[in-house]
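Let me begin by presenting the structure, written as structure tokens, before commenting on it.
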Amino acid sequence: MQLLIRPKPKVDESLESYILRLSIDNCFESYQYFSDALWQWLMEFDHEAAGALPRKLSLLNVYHADRTSSLRVRAFQLVQKLTDNEEFHLLNLAITNSNIKYAQGLTAVLHQGVAIPRCFLRIDATPICPECLEESLYVRHNWHIAHYTACHHHKCELLHKCPECNESLNYQRTESFTVCICGFDLRNAPIKPASKTNLVLSRIIAGDLIESASPLLSISDLSIRFGLILWYLRHQKYKTSEFVEHGFLHNVVPAISYFDNWPHGLHHELDVLVNSAELKLVQTFNKTGFSTIFGDLILSCQNIPVREIQHNFILNTVTDYLVELVRLNPKGKQANIADLLLSVMEVSILLNTSHDQVYRLYQEGYLALSFKPKLHNKLSRHQPAFYLRQVIELREAKMHSFNTISQHYLPAW
Ligand SMILES: [Zn+2]
Ligand SMILES: [Zn+2]
């Protein structure tokens with residue numbers, strides 16, 4: 001097979017958009033015909049790779065393949081030969097799976113080295129910018145991300161529905177960049193200026209550097225920006241204890257002012273939790289898990305994801321708050337909030353060390369267990385076991401002496 005027209009992929013284009021352009025430019029009647037032709041061509045070289053390329057455009061991207069993603073990568077490497085684009089790898093457009101996990105098992109996908117929460121990808125529809133399409137006919141990768149709602153180039157709101165028939169826009173279903181199923185040319189749609197907050201949010205997602213005191217705006221690492229937005233959304237969901245599947249993902253605009261006022265918002269929330277802690281107690285503080293009062297506060301700030309833990313400013317803010325909490329609540333006859341119990345997982349995050357090191361610190365007597373362990377039973381990683389006070393004291397005593405990426409308190413066995 002030879003493709004007569006071999007358009008160049010755009011650096012900000014989605015993979016589905018480029019494959020659809022190949023299909024349209026080479027006059028295939030539909031993507032189905034193009035994928036049939038691709039499949040037959042691939043079969044000649046590598047039948048395994050051919051089998052890994054789906055016939056549906058919406059399932060084409062690499063992250064949709066779970067166990068067969070390496071085969072799909074092979075398939076795209078072969079397809080690249082048809083496109084004559086030696087200098088630009090087709091896989092640069094792809095979204096791939098990753099082993100990066102956020103709190104509570106939420107996963108990340110990777111696009112050009114940036115970790116994006118998988119739940120941020122739009123599934124059913126893809127809004128468009130009429131002005132961008134007028135300039136160049138392809139779909140921008142950013143349009144696939146849920147919180148990108150305004151075009152940061154043209155400063156207008158993205159168009160989600162056809163102004164003529166009100167149908168949600170989905171180029172993968174209609175196999176057209178410009179024409180809705182009703183025949184309306186989307187380039188002629190009226191344009192609405194973007195609201196200030198939507199524009200800022202889109203600029204955050206697009207990776208624009210914005211001079212600001214807000215960590216969300218000033219951090220240049222896009223993976224961390226996405227991680228902060230997800231952390232914020234999960235944090236708000238926990239606070240209001242509302243649970244709607246994926247519903248919590250929508251209200252992201254307040255994140256901007258939350259990080260503008262960083263860390264005052266978080267301090268205020270933690271103060272409220274501390275002041276109402278006694279109401280939640282069933283047993284005394286020294287028999288109560290930290291999570292009973294603070295939820296997954298510590299666990300949730302572990303995976304922002306920041307490569308070097310000392311740059312995780314959310315974790316640093318939480319730790320500083322807990323250090324101050326212990327200082328303000330000295331040990332007394334009666335247990336107080338500084339005597340809450342941490343699990344092995346929480347301790348390992350606060351001490352920036354491995355789970356094994358936490359077990360080792362316990363066995364060497366640096367950390368005391370809050371209960372008598374059963375013989376031959378290994379302590380579960382989730383069980384509240386160690387006193388917050390002791391962990392913070394150990395951290396303060398040991399941490400300031402060295403500043404490595406991961407703390408190693410004791411030699412391994
Ligand atoms: Zn635009
Ligand atoms: Zn329409």
Side-chain angles (χ1 to χ4, degrees), residues 7-25 29-32 56-58 61 88 92-95 111-112 114 116 120-211 216-217 220 222 225-226 229 250 252-253 255-256:
K8 297 268 175 245
K10 308 282 185 177
V11 71
D12 59 343
E13 182 168 16
S14 73
L15 180 68
E16 295 87 347
S17 164
Y18 181 65
I19 298 290
L20 185 58
R21 279 204 294 142
L22 279 178
S23 168
I24 293 171
D25 289 0
E29 205 171 306
S30 70
Y31 173 74
Q32 183 74 44
K56 228 176 147 186
L57 188 58
S58 59
N61 222 314
F88 187 88
N92 276 349
L93 304 182
I95 299 174
H111 176 262
Q112 298 180 356
V114 173
I116 306 170
F120 283 10
L121 295 177
R122 292 190 161 111
I123 303 168
D124 299 327
T126 314
I128 56 117
C129 167
E131 299 259 319
C132 280
L133 286 182
E134 186 68 46
E135 279 171 17
S136 188
L137 273 189
Y138 68 95
V139 168
R140 278 65 171 171
H141 160 76
N142 281 337
W143 298 351
H144 286 267
I145 297 174
H147 310 302
Y148 187 88
T149 53
C151 172
H152 73 291
H153 296 295
H154 298 108
K155 301 182 176 36
C156 58
E157 298 287 339
L158 292 187
L159 188 68
H160 289 258
K161 292 185 170 187
C162 168
E164 193 73 14
C165 70
N166 211 29
E167 185 74 19
S168 291
L169 302 182
N170 186 341
Y171 74 99
Q172 298 179 50
R173 196 173 59 227
T174 57
E175 297 187 9
S176 167
F177 300 123
T178 50
V179 186
C180 172
I181 37 172
C182 71
F184 181 80
D185 189 329
L186 299 166
R187 287 170 293 187
N188 299 330
I191 289 164
K192 203 172 133 199
S195 74
K196 206 175 151 204
T197 44
N198 281 354
L199 194 57
V200 170
L201 199 55
S202 286
R203 289 184 66 196
I204 291 169
I205 286 164
D208 266 9
L209 274 180
I210 306 168
E211 219 172 289
L216 181 62
L217 273 61
S220 59
L222 252 183
R225 287 190 181 185
F226 281 116
I229 295 173
H250 296 302
V252 70
V253 167
I256 297 171

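Below, each value reflects all heavy atoms present in this structure, side chains not excepted, and no hydrogens, waters or symmetry copies. Start at 1 and go down the list; that is how both ligands and their atoms are numbered.
- For the Zn ion (ligand 1), the N/O/S atoms of C151 include one lying under 2.8 Å.
- In terms of modelled atom types and a separation under 3.5 Å, the side chain of S202 and the main chain of T149 share a donor-acceptor contact.
- Using the six-membered ring where Trp is involved, H141 and H111 have ring planes that are parallel, under 30° apart on the 30 and 60° scheme.
- Taking the side chain as every heavy atom from C-beta outward, Y138 and D12 approach each other to under 4.5 Å.
- If you put the vertex on the Zn ion (ligand 1), SG of C129 and ND1 of H154 sit 110° apart, to the nearest 10°.
- Panel note: side chain Q172, backbone E16; no donor-acceptor pair is recorded below 3.5 Å.
- Rounded to 10°, the angle that SG of C180 and SG of C165 form at the Zn ion (ligand 2) is 100°.
- At a cut-off of 2.8 Å, C132 coordinates the Zn ion (ligand 1) through an N, O or S atom.
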